[in-house]
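Some notes on the structure that comes next.
It should be emphasised that the depicted structure is a prediction, and the values quoted were computed from it without experimental measurement. Residue numbers start from 1 in every chain, and the chains themselves are labelled A, B, ... in the order their sequence lines are given, proteins ahead of strands.
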There are 2 protein chains.
Amino acid sequence: MSKCEQCIIREFNSLKTLTKDELIRITGCKTSKTVKKGEVLFDEGEYINGVFCIKDGVCKVSKMSDNGRDQIIHLIQKGDILGERSLINNEASNLKAIAVNDMEVCFIPKDEIIRDLENNPNFSLDLLRKMANSLKKADDVIVDMAQKTVKQRLATTLLFLEAKFEKNDNGSIKVNLSREDIANIIGTATESAIRLLSEFKKKKMIDLKGKEVFILDVKALKDLSEGF
Amino acid sequence: MSKCEQCIIREFNSLKTLTKDELIRITGCKTSKTVKKGEVLFDEGEYINGVFCIKDGVCKVSKMSDNGRDQIIHLIQKGDILGERSLINNEASNLKAIAVNDMEVCFIPKDEIIRDLENNPNFSLDLLRKMANSLKKADDVIVDMAQKTVKQRLATTLLFLEAKFEKNDNGSIKVNLSREDIANIIGTATESAIRLLSEFKKKKMIDLKGKEVFILDVKALKDLSEGF
DNA sequence: TTTAAAACATGATAATTGTCAGCTTTTCTG
DNA sequence: CAGAAAAGCTGACAATTATCATGTTTTAAA
């Protein structure tokens, strides 16, 4: 069992505020596992009973709309934690998480996190800050969804992917999304997403090789995203 | 100066977790003011330097999109607090707040709130819960904006207004929104909102008398909102 | 390797939504 | 109260986007 107090991943999330003793305690109760591409980490309505700390890989976090279509709300990757909200308000998850590629995750049981929340003000304040920040980002997403065209949202999303994920050796964005996934991020029909991707490619803003996406012209995408 | 420790409004928000001593301290440093309909409580980019506790009235909280249109993200009313997020992440506000009708608000300076956040774990945990809850609601809004048609979003919004606000004596919803405001909540053109409101009225789902809105058929609106 | 399934792609068409223009009604201000 | 400004309303039309149909390519499984 790898040791939390030696794990560099925690530096990227709120667990960095935990003391050495707290981390040692968590090492003793956490579990590690691998999640294969396509597997479900948790589903809507499920009680998660803890938080996931993502050591490697990417997962998509989505919610089913009344119309029966999945909307991807977050992409979670190495260094992120997952499930803290359901833990805090003590409810079943309102979201579903599916691995986009093979993942390595640690799972920390609920009670341990609650204990730290109550005893370590640095931890709860850091979480509070993270949440305030998430809310701010959610505001931006709401405004984009409500006001931007599908084309603008695709440009916005491509820039987001470019900024959030590493590059492969050939320069493509290191995240393995299907066309349907992309459509479910921007909230449109798969066909529309495909058409617009082709259009962007034709206009030399991006290049496509199978699932690989190369961002060629950040400025053009940015202008488009902002409505020019 | 009214006394916080005797003010019933705080029972509706996180300030209820403060101790009597903390409330007395806040009474001594808070300011009260009235805000006239149409006045700006704070604007995007402004440092708020405290939180507002709403004693009476309603305000709309919005964000300007890249396309130059305002998107209303929250309606805040009696009992709500406002500005806590910018305070927590110590940033300028990303939102603008404008009074929809005459308001009475109290303003508590930043330092006092921070002091309580650091010293009263009940307060920070309650805020944490409130934020986790807000994030959940934001998820729902994102999914609705991304996946529902304008018609569905109008139905959703009317039901939301019905549930959130009191009724006037004649049964209309007690909130004074213009057609443009409604359009800016659902994220559509004012003309589209007007057209759909007329349609809903023709179909006896609602009634309209000037700015007053009467909900006549909750079930029909619910079905519509959920895509049936 | 073969075969089936899934993902990708494109055209045609319909439905939704936005924009512009012009008009009426309501609200505000001096 | 008069006049101006804002808000509300409606029609015509254009642009965007969804849907359906169909064919191709890629991926996964036997």
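Residue R195(A) places a side-chain atom within donor-acceptor reach of the base of dT19(D), judged by atom type and a 3.5 Å distance cut-off alone. Counting distance only, with no hydrogens placed and no angle test, the side-chain atoms of E180(A) and the base atoms of dC8(C) include no donor-acceptor pair under 3.5 Å. The base of dC9(D) does not come close enough to the side chain of E191(B) for any donor and acceptor atom to sit less than 3.5 Å apart.
With respect to D139(B) and R85(A), a salt bridge is recorded, a charged nitrogen being found less than 4.0 Å from a carboxylate O. Note on K203(B) versus E199(B): salt bridge recorded, some NZ/NE/NH1/NH2 to OD/OE distance being below 4.0 Å.
Within the 4.0 angstrom heavy-atom criterion, only backbone atoms of the sugar-phosphate kind lie near R69(A); the bases stay farther away. Within the 4.0 angstrom heavy-atom criterion, no nucleotide atom of any strand lies near T190(A).
Mapping G187(A) and R179(B) onto DNA chain D by nearest heavy atom places R179(B) closer to the 5' end of the strand. Map A146(A) and S198(A) each onto its nearest nucleotide of DNA chain C; the residue landing nearer the 5' end is S198(A). Nearer to the 5' terminus of DNA chain D, by closest-nucleotide assignment, is the contact made by L197(B) (compared with the other of L197(B) and K211(A)).
Rounded to whole angstrom, the span from the CG atom of L154(B) across to the P atom of dT16(C) amounts to 15 Å. Between the CG atom of L196(B) and the C1' atom of dT17(C) there is a distance of 9 Å, rounded to whole Å. Computed from coordinates, the K36(A) NZ to dA28(D) C1' distance equals 15 Å when rounded to whole Å. The interatomic distance linking I186(B) (CD1) with dT17(C) (C1') rounds to 11 Å, in whole Å. Atom CG in L208(B) sits roughly 14 Å away from atom C1' in dA7(D) (whole-Å rounding). Following rounding to the nearest Å, L177(B) (CG) and dT26(C) (P) show an atom-to-atom distance of 19 Å. Following rounding to the nearest Å, I194(A) (CD1) and dT17(D) (P) show an atom-to-atom distance of 16 Å. Rounded to a whole Å, the CD atom of Q152(B) is 13 Å from the C1' atom of dA18(D).
Cation-pi geometry between K30(B) and F107(B) is not met: the NZ or CZ atom fails to fall both under 6.0 Å from the ring centre and inside 45° of the normal. For the pair K78(A) and F12(A), the cation does not sit on the ring face, since its NZ or CZ is not both under 6.0 Å from the ring centre and inside 45° of the axis.
Residues C59(A) and M103(A) meet the side-chain proximity criterion, which asks for heavy atoms closer than 4.5 Å.
Applying the 4.0 Å criterion to OP1 and OP2 of dA18(D), one finds that S192(A) has a side-chain N or O inside that range.
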